[in-house]
Structure formats: structure tokens, C-alpha cells
Amino acid sequence: MKQEKSESSAYDPKLVECSIYKEWEKSGYFNPDNLPVKKAAKPYVVYMPLPNVTGTLHMGHLLNNAIQDVVIRYRRMRGYKALYLPGTDHAGIATQFVVEKELRKQGISRFELGRDAFIKKVWEWKEKYGGLILEQLRKIGVSADWSRARFTMDESYTKDVLKAFVEYHKKGLIYRGLRVVNWCPRCGTSLSELELEHKEEETKLWHVKYPATDGGDGIVVATTRPETMLGDTAVAVSPKDSKYKALVGKIIILPIQNRKIPIVADDSIDPLFGTGALKVTPAHDITDFEIGERHKLPMIQVIDERGKMTEAAGKFAGMKTDEARVAVLNELKKLGFLVKEEPYIHNLAVCYRCGHTIEPIPSEQWFLKMSARGGSALGGKGLSQMAIQAVKSGRVKIRPKNFEKLYLDWLSNIRDWTISRQIWWGHQLPVWFCKNNKEKFVVSVEKPKACQFCKKCEMEQSPDVLDTWFSSALWPFAGLSKEDVKKYYPGNALITARDILNLWVARMIYSGIEFQKKVPFKDVYIHGTVLTKEGKRMSKSLGTGIDPLKYINEFGADAARFAAIWQATGQDIHWDEAAVMAGRKFANKMWNAAKFVISNCEGAETVKKPAGKTAADKKILAKLAAVKKRAEKNIESFELSVVLKELYDFFWHDFCDEYLEVSKMQLKENGTEKTTREILTYALFESMKMLHPFMPFVTEAVYQKLPKKEKKFIMIETW
RNA sequence: GGGCACAUAGCUCAGUGGUAGAGCGCUUCGUUCACAUCGAAGAGGUCCAAGGUCCGAUCCCUUGUGUGCCCACCA
């Protein structure tokens with residue numbers, strides 16, 4: 001008996017969420033063009049951070065998309081043409097890596113397949129798994145306009161990407177050059193600085209003597225990478241360093257190679273580190289490369305793109321770098337040049353994707369100029385200055401404010417962006433080389449009909465592809481059709497975690513200004529990262545991840561959303577499951593309170609602004625008005641957890657615990673019965689509306705039970 | 001090496017220049033009358049440490065300790 005009762009009275013999200021979502025989607029109201037809004041209604045656009053095609057839903061998505069959905073649902077109810085723009089990112093290296101791994105299980109390497117066949121495999125993968133993440137996002141209840149969903153390698157998107165490249169090039173912002181770049185020998189590509197990870201490595205600092213040619217003492221250098229000495233073309237010391245002053249300009253001998261190299265003075269040298277003398281390997285260290293440019297030093301490449309020693313390494317040729325290190329050290333020891341070794345901990349750069357050690361090697365790459373600008377088309381201001389200006393002037397507001405500093409600091413110390421990648425999956429550069437003269441090329445979206453250089457060859461496209469972020473940087477407008485750009489660009493809000501503030505947000509800002517002359521959005525809101533309860537990173541490989549679908553399936557999307565937003569106070573979240581339970585209970589509370597109100601208020605007048613008679617009436621109405629006002633202010637400044645807590649407190653304690661209990665008496669008395677019913681109906685309705693952005697399903701379910709409703713969905717009710 | 005956060009109840013976290021708050025957990029009591037996924041009552045805190053400013057500091061300042069994150073070409 002008891003059990004029967006509890007079963008029938010509890011709210012069961014499983015019974016309603018799926019069908020409600022289908023109804024919403026069928027209605028077409030996720031598409032702002034279908035909303036019953038006034039002609040003059042303003043658009044409000046939230047750009048969804050593009051999930052990777054390879055991705056599956058994790059807690060970060062739950063938090064990120066829940067926040068965005070609250071914002072967009074609120075604006076929709078406020079009468080805006082609310083557009084929540086979804087899409088997926090081809091995620092170059094990440095996707096290629098996953099597909100390669102899958103193929104390797106079958107014993108196939110991408111090189112056996114060849115480029116075209118491999119890319120076909122990736123597309124197959126994309127077709128199979130690319131839609132999965134979007135399906136999973138629907139489970140959260142996000143009201144994105146799926147009819148506008150784009151993929152960064154869609155035909156039209158690709159065209160915008162290539163056009164952007166051509167235009168940058170025309171303006172002199174893209175150039176090609178031989179640079180020492182961070183190279184991952186396993187992935188076979190260059191990586192930008194943001195794609196590196198550093199891990200501490202216990203190693204040694206070896207002191208190696210480079211003997212003099214004039215009978216002097218020579219000089220001792222300290223290094224963590226002795227194998228690169230084979231490519232040394234100088235030794236550098238600080239110009240302020242008195243102990244070496246006399247040596248500057250002298251020629252010394254590079255051991256093993258027996259090469260004569262000079263000692264140069266350079267400001268980048270710290271006289272206090274090691275011996276105060278740096279071996280300069282322009283081909284295998286970015287700083288050394290720069291020193292080499294300043295002193296016009298030759299560059300000798302001793303490590304190749306597979307991470308093996310080249311012919312220039314003499315008898316070490318063919319060895320892997322770590323083998324060569326041992327061999328070189330043995331040789332130095334034998335020859336008596338290894339004077340000292342001391343334990344040392346340094347930060348080893350590794351590939352963010354595969355973890356392989358990064359080898360800086362010289363390579364032809366394409367760059368996007370960050371600070372200076374060739375022409376004066378835009379007042380000579382470089383991309384980074386434009387992005388800095390956008391935030392400093394307040395046209396883009398970053399919240400919380402301390403992230404502004406992170407953004408500005410990064411942009412003001414920026415190097416040119418290496419935008420080419422030597423992988424296969426991505427937008428191939430719109431660069432066409434003459435087959436007979438590989439130095440000659442044309443930059444053009446379409447393949448040139450004839451070669452303008454040799455007049456006879458079929459021009460060949462560069463095998464390089466663009467960095468993934470080059471294309472996602474265009475998302476705010478390349479993700480929209482031409483007509484939509486007119487209607488919906490610029491958008492309003494970009495909500496994301498801090499890890500891609502510079503990787504993505506900064507680049508969207510200057511791309512938007514460069515190509516559309518306007519910043520892409522006004523508000524950037526950075527939320528915390530979801531960690532485990534112990535404060536550890538959630539990751540599949542560590543086994544510390546939690547699948548949000550588990551919560552959604554078991555306790556409902558509303559409960560999961562509640563938990564995410566409840567905990568999203570700005571700091572990183574140490575995820576506490578108890579919050580999901582609280583959300584589930586809250587949904588149940590709403591459901592039951594609604595049941596009470598509906599059954600007691602049949603036929604009650606719907607009054608727009610009921611006036612209270614009793615003290616309890618007045619108290620609840622005043623409180624409701626105050627809560628509503630604060631909710632508006634706080635949602636508009638992205639303080640969602642504050643709003644949710646106030647709504648929770650208001651609904652549970654003020655409305656249910658207090659007013660509902662008082663109403664039981666008031667409903668029995670003739671003098672107060674009518675107004676009580678009006679207020680109950682009104683307060684319930686208003687509460688459901690305010691809670692709808694946060695917990696859309698249960699509030700919609702309640703709305704559908706209301707005897708008098710003006711709209712088809714609470715989703716499009718007027719706040 | 002630099003920068004930014006954070007340290008408050010058993011746990012996860014809000015908050016305030018003047019008797020300290022929530023969720024979960026815990027204790028006691030209470031089910032005909034929306035909800036036991038409930039209600040009522042309650043226990044539980046040197047607000048990290050030390051110093052400073054102040055009539056008064058958990059809050060502001062300094063220093064320290066601990067934790068997390070980001071940035072950096074120190075070979």
C-alpha cells in the first residue's frame with residue numbers, strides 16, 4: 001500500500017524527458033526564425049564551443065552546455081531571436097591520431113594506405129561517430145538549432161577557410177619560411193607552442209670542454225642534450241660576463257666533429273646558469289636558431305623528422321636521438337672532454353597528443369603574422385593588437401575579470417603562429433607549386449588552370465594542412481550561411497573553460513575583426529573545470545572520468561543540469577554526486593507542489609498581477625518579485641549558481657514550506673479562498689518560468705499539466 | 001623562475017568590516033489531508049597560521065604554510 005503510493009507520486013524523468021525533447025525539436029522553435037517573436041526582436045546568439053568529431057560526452061560538456069542552455073533559454077523567453085549555434089570540429093591531429101590508432105589495431109599504417117585512402121577512412125569514421133556527440137548533447141536538453149549544425153570540413157565552411165588563407169596572404173600576413181619548429185617525430189608534424197606539454201624529467205647537466213685553437217684553456221659548456229652538439233656552430237656567452245670577455249671572437253674546436261666554431265656574445269645568455277657558456281645548435285633549438293640568425297651562423301641539421309641522426313652526424317647517423325646521446329657521451333668520455341656531470345631536473349617538451357618527445361628541427365612552414373602588419377589597410381595594426389584593443393576598449397568583456405590578464409599577457413608576448421601542419425586530415429593549404437621549380441608557388445582557392453612559371457606543368461597542391469584552430473577561429477561567421485551572417489553576426493556570448501581562451505577565443509576575436517570588421521561576441525564567460533571530488537583531473541586514461549549520461553539516464557537531465565550549475569560558482573568544481581541527488585529531489589518537489597496547486601485551483605482565474613490579502617500573501621508576492629528581479633540581473637551577468645540557489649530557496653522554503661502550508665487554511669475560508677487560488681496559480685507559473693532555463697524538462701512537464709496555458713510550450717512563454 | 005586562484009561544518013562549497021550559511025551526511029520527533037525524493041526541531045565551526053590597520057577582522061594589508069592551475073627558450 002505504502003509502496004504503491006510512493007510510486008505513483010514521484011516524478012519520473014524517464015517517462016517524460018525523451019518525449020518532451022522530441023516535441024520541442026519537432027516544433028522547430030530551436031530555430032529562431034520560427035519563434036513567434038515581434039518583428040523588431042533582437043537576435044541573441046550563443047556560439048557552442050565545437051566538440052571534436054571524435055568526442056563523446058564528458059562532464060565538461062554537461063557543465064558547459066548546461067550553462068549555455070540556461071542563457072539561451074532565458075533569452076528566448078525574454079523575446080529574443082535566440083540562436084544557439086552548434087557544430088563539430090574536424091580536430092586535425094586528434095582525429096587523425098584516433099583513426100591511426102584504430103588502423104594500427106588492424107595492423108595497417110597510414111603510409112601503407114596512402115593519403116587519399118586514409119582520408120577516406122577518416123571520413124568513414126566521421127560519418128559513423130561524428131553525430132554521436134550531438135545526440136548526447138540532446139540528452140542534456142540543449143536547445144541548439146540543429147538545423148544549422150555545421151562541420152568545419154563541410155564544403156562551404158572549407159571554402160571560407162581557404163578564402164581566409166588567401167586573403168591573409170594577399171594582405172601580407174601569411175608568409176612561408178624556414179624555421180626551427182617544434183616537431184613530433186611520431187605524428188610527423190610541426191606543433192604550435194600551445195600544443196606542447198611539459199613534463200619534468202630527471203636528467204643530467206653535462207659539462208663538456210670545447211678546446212681552444214690557440215693553446216688556451218678552451219671553454220666548458222653545459223648541456224642537457226649532448227647529442228645535438230654534433231650540429232653546433234658556435235658557443236655563446238653573455239657580453240656582460242667578465243670571465244669570458246677575452247674569449248669572445250676566438251675560434252675553438254667542436255670535439256668529435258673537429259669543427260672550428262666561434263665564440264660569440266649574445267644578450268640571451270644568462271651568465272649564472274651552468275658555466276655561463278651555451279653551445280649553439282641553430283638547427284635544433286629555437287633560441288639557438290635566433291642566436292644563429294643574429295650572428296649569421298650556419299645551420300647543420302643532425303636530427304631528421306623521424307627523430308634519427310642524419311648523415312651530418314657522421315658515425316652516429318641512423319641512431320635514434322637517445323641512442324646517439326649515450327654514444328656521444330661515451331665518445332666524449334673516451335676523448336676526455338666530459339669534465340663533469342650533475343643531476344638536473346628539466347622540463348621536457350612532449351607532444352600533447354601522443355606524448356612523444358619533441359625535437360626542434362628546421363622546416364619550411366607557413367606563418368600568420370601576429371603583431372606587425374605589412375600594409376596599412378587597417379591602420380597598420382597587427383592581429384594581436386586588434387584582439388588586445390577589443391578587450392581593453394570593452395567591446396569584448398571577459399568574465400571573471402582576472403582572465404582578462406591571461407588573455408592580454410598572452411597576446412602581448414606572442415610569436416607568429418605556425419599554421420601549417422604536416423598531417424593529412426585537415427584543410428589542405430590553397431597553395432600551388434610549380435612542379436619544375438619547387439620554390440615558385442601561387443596562393444589561390446581554386447587550382448590554377450596553367451602554371452604561370454614554367455607554362456607547362458600541372459601545378460601541385462601543398463601537402464600541408466592548416467592547424468585546426470585556424471578554421472575554428474572562423475566559427476562565428478563561417479559557421480553561418482551568408483544570409484545568417486547578415487542576421488546573426490555578431491553574436492553575443494561565448495562560454496567556455498579557460499583552457500581554450502587563447503587557443504580559440506583570442507583567435508576568434510581577431511579573425512572576426514579582420515574579416516567581418518566587428519568583434520564576434522560581446523561576452524566571454526569562463527567557467528571552472530570539472531574535477532573529481534578529490535580535485536584530480538577527470539580523464540579516461542586515469543580512470544577518473546564520470547559519464548554524465550549515467551546521471552541523466554538514472555536521475556534525469558534536470559538533476560544533472562541542476563548539479564552542474566549548482567556547483568558552478570566560478571572555481572573549479574570538485575564534483576559531488578550529492579548535488580545530483582539534490583537536483584532530483586528538487587524536480588520531485590516541483591512536480592508534487594504543482595500537483596497540489598493544480599488540484600486545488602481548478603477554474604482559478606489567471607491573474608497577471610494578483611494582489612495579496614493576508615500577510616502571507618503579501619510576503620510571498622514581494623519575495624517572488626524580488627527573486628525575479630535578481631534572477632534577471634544575475635543571469636545576464638552569468639552568475640547562474642547564485643540564481644539557481646535563490647530559486648531553490650524561494651520555491652522550496654518560501655513557496656512550499658511556508659505559503660503552501662498557509663494556503664491550506666486560507667483555501668478553507670471564504671474571505672481568502674479566491675485570492676489564495678490566484679496567488680498559488682500565479683506563483684507556481686512564475687516559478688516554473690524562472691526555473692525553466694535551469695531544469696527545462698520538469699518545468700515543461702508541469703506546464704503541460706496546467707489547465708490554462710497560452711503557449712504550446714513553457715519554452716516559448718514570456719518571462 | 002614568474003603569474004593567478006584557493007584554504008570556512010564530517011564531505012562539496014556559498015558568504016559578510018559588527019550573534020557564521022546551503023546541499024549532502026548525522027541526531028531526535030512526526031505519516032488520512034502535494035511530496036518519506038517529505039515535514040519539524042537539533043548537534044556540529046579558533047572561518048589555515050602569525051603579524052598589521054581598525055572601536056571591532058573570517059572578510060582589508062603583509063608575511064608564512066599548504067593545495068591547484070597557467071605561463072616561461074635558462075642551455
Side-chain angles (χ1 to χ4, degrees), chain A residues 2-3 5-6 8-12 180 182 193-194 196 198 205-208 221-226 228-229 235-236 238 268-281 285-291 344 346-347 349 360 400 402-406 409-410 413 415 497-499 501-502 528-529 531-537 555-556 559 562-563 566-600 639 641-642 644-646 648-649 652-653 656-657 660-661 663-664 667-668 680 684:
Chain A
K2 205 175 177 181
Q3 230 178 355
K5 188 172 170 266
S6 75
S8 62
S9 61
Y11 169 68
D12 186 356
V180 172
N182 299 297
E193 288 173 52
L194 293 172
L196 305 184
H198 295 271
L205 192 58
W206 287 280
H207 294 236
V208 181
V221 298
T223 180
T224 54
R225 303 191 60 207
T228 64
M229 69 163 287
V235 166
S238 169
S268 65
I269 307 304
D270 174 3
L272 299 177
F273 185 89
T275 61
L278 169 74
K279 58 187 267 322
V280 182
T281 324
D285 186 287
I286 292 171
T287 308
D288 292 12
F289 175 82
E290 287 166 357
I291 296 173
Y344 186 70
H346 87 139
N347 278 330
N402 53 306
F403 288 107
E404 232 176 58
K405 186 173 147 50
L406 224 63
D409 285 355
W410 184 74
N413 301 307
R415 287 174 198 235
R498 72 176 109 62
D499 50 349
L501 176 63
N502 293 328
T529 305
L531 306 171
T532 66
K533 197 168 181 180
E534 292 73 34
K536 295 250 165 63
R537 196 163 202 91
F555 308 112
F562 175 97
W566 183 261
Q567 298 183 82
T569 55
Q571 296 303 315
D572 284 350
I573 296 169
H574 291 200
W575 185 262
D576 188 356
E577 292 207 355
V580 183
M581 300 307 139
R584 178 176 73 137
K585 279 165 51 172
F586 190 40
N588 187 58
K589 189 77 180 174
M590 283 189 244
W591 181 251
N592 282 296
K595 217 168 63 183
F596 171 85
V597 173
I598 291 166
S599 68
N600 282 287
E639 305 271 7
S641 76
V642 174
L644 183 57
K645 283 188 168 89
E646 286 195 7
Y648 177 92
D649 200 47
W652 199 303
H653 299 116
C656 293
D657 291 346
L660 233 128
E661 292 307 319
S663 79
K664 288 174 186 173
L667 283 168
K668 285 178 190 150
L680 281 172
L684 175 72

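Protein chains get the first letters and strands the later ones, always in sequence-line order, with residue 1 at the start of each. Keep in mind that this is a model prediction, so the values were computed, not measured.
- Using a 4.0 Å heavy-atom criterion, one finds that Arg225(A) contacts no nucleic acid atom at all.
- Side-chain nitrogen and oxygen atoms of Arg415(A) include at least one within less than 4.0 Å of the OP1 or OP2 phosphate oxygen of C73(B).
- By the side chain to side chain contact (heavy atoms under 4.5 Å, CB included) test, Asn413(A) pairs with no residue at all, sequence neighbours left out.
- Listed nucleotides: A14(B), C35(B), C73(B). Nearest to the side chain of Thr287(A): C73(B).
- Checked against A5(B), U37(B), A34(B), the side chain of Lys664(A) finds its nearest nucleotide in A34(B).
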Taking Watson-Crick and G-U wobble pairs with both distances under 3.5 Å, convert RNA chain B into its dot-bracket string, 5' to 3', dots for unpaired and | for cross-strand pairs. (((((((..((((....[..)))).(((((.......))))).....(((((..]....))))))))))))....

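- Formation of a donor-acceptor pair under 3.5 Å by the Gln567(A) side chain with backbone atoms of Ala563(A) is found in this model.
- Here Leu531(A) lies out of heavy-atom contact (under 4.0 Å) with every strand.
- Distance CG (Asn182(A)) to C1' (A72(B)): 13 Å, rounded to an integer number of Å.
- Nucleic acid contact class of Phe562(A) (heavy atoms, under 4.0 Å, all strands): none.
- The side chain of Lys589(A) places an N or O atom within less than 4.0 Å of a non-bridging phosphate oxygen (OP1 or OP2) of G39(B).
- Within 4.0 Å (heavy atoms only), Ile286(A) reaches no atom of the nucleic acid at all.
- Among the protein residues, Leu272(A) comes within range of no part of the nucleic acid, since none of its heavy atoms lies under 4.0 Å from any strand.
- Using a 4.0 Å heavy-atom distance criterion, Gln567(A) is classed as a sugar-phosphate-only contact.
- Among the heavy atoms of the strands, none lies under 4.0 Å from Asp285(A).
- Residue pairs meeting the salt bridge (Lys or Arg N to Asp or Glu O under 4.0 Å) criterion with at least one partner in residues 577-588 of chain A, sequence neighbours excluded, are Lys550(A)-Glu577(A).
- Under the side-chain hydrogen bond (donor to acceptor under 3.5 Å, both in side chains) criterion, Lys536(A) pairs with no residue at all, not counting sequence neighbours.
- Take Asp649(A) and apply the side chain to side chain contact (heavy atoms under 4.5 Å, CB included) test, not counting sequence neighbours, and it matches His653(A).
- Under the 30°/60° scheme for interplanar angles, the aromatic rings of Tyr11(A) and Trp591(A) are found to be tilted.
- Remark: Lys405(A) engages Asp409(A) in a side chain to side chain contact (heavy atoms under 4.5 Å, CB included) (not counting sequence neighbours).
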Within the sub-3.5 Å range, which N or O atoms of nucleotides 22-25 of chain B have a protein N or O partner, and how far apart are they?
residue: G23(B); atom: N2; partner: Asp576(A); partner atom: OD2; Å: 3.4
residue: C24(B); atom: OP1; partner: Lys585(A); partner atom: NZ; Å: 2.7

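- Applying the ring pair (Phe, Tyr, Trp, His ring centres under 6.0 Å) rule to Trp566(A) yields the partners Phe562(A), Tyr648(A); only residues at least two apart in sequence or on another chain are considered.
- Counting to the nearest Å, the P atom of C4(B) and the CG atom of Leu406(A) are 11 Å from each other.
- Phosphate contact (OP1/OP2 of A36(B), side-chain N/O of Ser9(A), threshold under 4.0 Å): present.
- Residue-level contact check: Gly276(A) touches the bases, meaning some heavy atom is under 4.0 Å from a base atom.
- One atom, CD of Glu534(A), and another, C1' of C11(B), lie 10 Å apart when rounded to the nearest Å.
- Looking only at distances, no side-chain donor or acceptor of Asp285(A) sits under 3.5 Å from a matching main-chain atom of Thr281(A).
- Here Ala593(A) pairs with Phe651(A), Cys656(A), Leu660(A) under the side chain to side chain contact (heavy atoms under 4.5 Å, CB included) rule; sequence neighbours left out.
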